[in-house]
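Notes follow the structure.
All values below were derived from every heavy atom in this structure, side-chain atoms included, with hydrogens, water molecules and symmetry-related copies excluded. Numbering of ligands and ligand atoms starts at 1, following listing order. If you're wondering where the values come from, they're calculated on a predicted model, not measured in any experiment.
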Amino acid sequence: MSEITLGIIGGGQLGSMLAIAAKKLNVKIVVFCDDLDAPAQNFCNHFIVGSYNNSEKILEFINQVDLVTYEFENIPFETLNEINKLKTVLPKPSINRLIQHRLAEKDFVNKLNIRTTRYVSIEKKSDIDALEDFLPGILKTTTLGYDGKGQFPINSINELDKLNLDFSKGYILEKLVKLKKEISIILTRFGNNKYEIYEPIENTHEDQILKYSKIPAEINEKVLSQSKEWGMLIAEELKYIGTLCVEFFIDRNDNLYVNEIAPRVHNSGHLTINAFNISQFENHIRAVCGLEQIPLKKISNAKMINLIGDQITHYRNIKQFNDNEFFFDYLKKEIKEKRKMGHITTLV
Ligand code: ADP
Ligand code: MG
């Protein structure tokens with residue numbers, strides 16, 4: 001029986017699902033979060049509230065855990081780095097710093113000879129003039145974006161000019177890919193060339209927020225093998241430990257592009273809870289805690305629907321679900337527009 005106590009930074013739905021998986025493995029969980037209402041407090045052994053740069057509270061957290069992981073990437077690098085001096089942080093803080101920054105992330109991926117969208121950095125007003133080549137495009141803040149936040153579709157230089165960007169922040173302009181499909185690869189790396197890798201998951205976004213995921217993804221053999229290869233190449237290069245997600249675009253000519261990397265468990269992998277013997281969450285806990293690696297087995301095809309904003313209300317009122325349906329309510333106190341409130345996975 002393990003006696004490990006794992007600290008998780010961040011207390012959203014991903015933290016909740018990690019805590020649920022940890023319980024099964026007899027790993028104790030302490031969650032640290034800046035939100036008093038964080039849903040993961042319902043599932044962990046101990047919950048600490050504090051801002052991500054409150055060193056006193058962070059120290060209280062560190063003292064209670066053997067090692068630390070995180071459920072989202074927008075944590076100050078300094079915080080992860082300071083924690084790492086006292087207790088191991090996995091994935092390594094340097095990985096988080098790289099992936100937090102859209103430009104650094106894309107430069108890294110391109111250096112591995114992996115295709116990304118075409119992109120350009122925008123740091124000052126005069127950079128805007130020479131951008132015709134990247135239009136139509138999507139302008140994104142280089143840091144702190146998620147679920148489409150901090151993103152603007154741009155069709156003309158004029159539109160870009162009119163935005164009156166605040167240049168105390170950095171931006172990246174990405175050429176729009178004419179999407180045929182989006183897929184993600186979720187894998188867990190346990191050590192050198194030691195992987196558990198899930199089959200590609202097909203994802204549909206609405207308003208830049210993930211809405212549907214399903215397996216199997218309807219893709220050709222080449223895209224299937226290339227996405228897995230690229231996922232593993234990225235993880236191997238980072239010497240990553242834990243569960244990692246790579247989001248991909250597929251264009252109308254079946255070219256594959258890396259969109260972005262998430263150094264954590266991922267929304268598109270919720271269906272792994274019901275569709276595989278070991279979920280992405282359990283695999284993450286196993287890898288970071290150095291527990292046994294168990295070969296993945298698929299149980300069923302599956303599809304997942306994200307319940308966003310008040311879509312949750314209908315499901316909260318359903319008394320009984322079918323045997324192949326699994327409803328998860330994140331227990332968020334407030335229903336907000338565009339907020340992920342829960343999901344339902346159906347085995348098919
Ligand atoms: P986030 O960090 O918010 O997930 P993403 O960069 O993954 O940001 O963008 C969210 C979604 O917006 C993508 O999954 C895709 O549907 C759409 N999108 C973003 N960038 C592009 C692009 N360059 N071309 C086409 N679609 C895009
Ligand atoms: Mg994304």
Side-chain angles (χ1 to χ4, degrees), residues 10 12-14 70-75 96-110 114-122 131-155 159-160 169-186 200-214 217 219 223 227 230-231 234 243-270 280 304-306 308 336-340 343:
Q13 61 268 26
L14 297 173
Y70 40 93
E71 61 127 41
F72 75 118
E73 52 267 51
N74 293 327
I75 304 162
N96 191 61
R97 177 173 55 182
L98 178 80
I99 292 174
Q100 242 176 22
H101 197 281
R102 290 189 194 275
L103 271 172
E105 178 188 35
K106 283 202 170 48
D107 288 347
F108 162 76
V109 173
N110 276 285
I114 294 175
R115 192 185 302 115
T116 65
T117 55
R118 294 187 53 234
Y119 60 98
V120 61
S121 161
I122 304 182
L131 297 179
E132 208 63 65
D133 223 20
F134 295 85
L135 299 176
I138 301 195
L139 183 79
K140 305 179 183 181
T141 52
T142 49
T143 58
L144 298 177
Y146 69 98
D147 287 346
K149 293 187 173 70
Q151 297 192 11
F152 312 88
I154 304 285
N155 290 305
E159 264 176 52
L160 200 52
K169 292 186 204 149
Y171 299 88
I172 177 172
L173 179 67
E174 282 181 38
K175 178 101 176 172
L176 196 72
V177 173
K178 289 194 176 127
L179 291 178
K180 178 173 173 184
K181 262 181 211 300
E182 294 186 66
I183 58 169
S184 54
I185 284 288
I186 294 179
I201 301 165
E202 183 169 332
N203 302 315
T204 309
H205 291 76
E206 285 178 2
D207 281 340
Q208 279 128 309
I209 303 177
L210 181 66
K211 182 60 189 159
Y212 305 102
S213 293
K214 69 166 186 179
I219 50 176
V223 167
S227 59
W230 284 356
I234 287 168
T243 294
L244 168 100
C245 176
V246 182
E247 298 177 11
F248 295 92
F249 295 148
I250 303 169
D251 73 13
R252 291 175 191 171
N253 299 317
D254 280 328
N255 293 309
L256 188 65
Y257 304 71
V258 165
N259 169 27
E260 59 173 354
I261 307 167
R264 54 170 169 81
V265 290
H266 191 262
N267 189 172
S268 62
H270 290 355
Q280 62 163 348
M304 187 240 22
I305 304 177
N306 264 341
I308 295 163
K336 284 191 200 156
E337 198 194 349
K338 299 200 173 173
R339 184 180 223 190
K340 291 171 178 168
H343 73 264

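- Atom 1 (P) of ligand 1 has as its closest protein heavy atom E260 OE2, 3.3 Å.
- What sits closest to atom 3 (O) of ligand 1 on the protein, heavy atoms only, is G148 N, 2.6 Å.
- Of all N/O/S atoms in E247, OE1 sits nearest the Mg ion (ligand 2).
- With contacts defined as side-chain heavy-atom distances shorter than 4.5 Å, the pair L173/L135 qualifies.
- Between N267 and H343, the closest side-chain pair of non-hydrogen atoms is not below 4.5 Å.
- Counting heavy atoms from C-beta on, the side chains of K169 and T142 never come closer than 4.5 Å.
- At the shortest separation from atom 9 (O) of ligand 1 among protein heavy atoms lies Q151 NE2, 3.3 Å.
- Using a 4.5 Å cut-off on side-chain heavy atoms (C-beta onward), H205 and L210 make contact.
- Atoms of ligand 1 found under 4.0 Å from any heavy atom of H205 (numbered from 1 in listed order, with element): 14 (O), 16 (O).
- Protein heavy atom at the shortest distance from atom 26 (N) of ligand 1 is L179 CD1, 3.7 Å.
- Closest protein heavy atom to atom 22 (C) of ligand 1: F249 CE1, 3.7 Å.
- Under the 4.0 Å criterion applied to side-chain N and carboxylate O atoms, E174 and K106 are assigned as salt-bridge partners.
- With a heavy-atom cut-off of 4.0 Å, N203 does not touch ligand 1 at all.
- Closest heavy-atom contact between E105 and I99: OE2-CG2, 3.8 Å.
- Among all protein heavy atoms, the one lying closest to atom 24 (N) of ligand 1 is V177 N, 2.9 Å.
- The atoms of ligand 1 that sit less than 4.0 Å from any heavy atom of T117 are 23 (N).
- Under 4.0 angstrom from ligand 1, there are no non-hydrogen atoms of L210.
- Within the 4.5 Å cutoff, the side chain of I308 has no heavy atoms near those of the D207 side chain.
- Of all non-hydrogen atoms in E159 and I154, the two that sit nearest each other are OE1-CA, 3.6 Å.
- Judged by distance alone, the side chains of E247 and H266 do bring a donor and an acceptor atom under 3.5 Å apart.
- Closest to atom 6 (O) of ligand 1 among all protein heavy atoms lies K140 NZ, 2.6 Å.
- Atoms of ligand 1 lying under 4.0 Å from at least one heavy atom of Y146, given by number and element, are 2 (O), 3 (O).
- Heavy atoms of K178 stay at 4.0 angstrom or farther from ligand 1.
- Of the possible polar contacts, one joining the E71 side chain to the G12 backbone as a donor-acceptor pair under 3.5 Å is found.
- The part of R102 lying near ligand 1 is the side chain, judged by heavy-atom distances below 4.0 Å.
- The distance from ligand 1 to the heavy atoms of E182 drops below 4.0 Å at these ligand atoms: 13 (C), 14 (O), 15 (C), 16 (O).
- In this structure, I185 and F248 have side chains that are in contact, with non-hydrogen atoms separated by less than 4.5 Å.
- Take the N/O/S atoms of E260: the one nearest the Mg ion (ligand 2) is OE2.
- Of all the atoms in ligand 1, the ones that sit under 4.0 Å from a non-hydrogen atom of I138 are 18 (N), 19 (C), 20 (N), 21 (C), 27 (C).
- In summary, the atoms of ligand 1 found under 4.0 Å from a heavy atom of Q208, numbered by their order in the structure, are 10 (C), 11 (C), 12 (O).
- Proximity of T117 to F249: side-chain heavy atoms (C-beta onward) are separated by under 4.5 Å at one or more points.
- Ligand 1 has an N or O atom lying under 3.5 Å from an N or O atom of E247, backbone or side chain.
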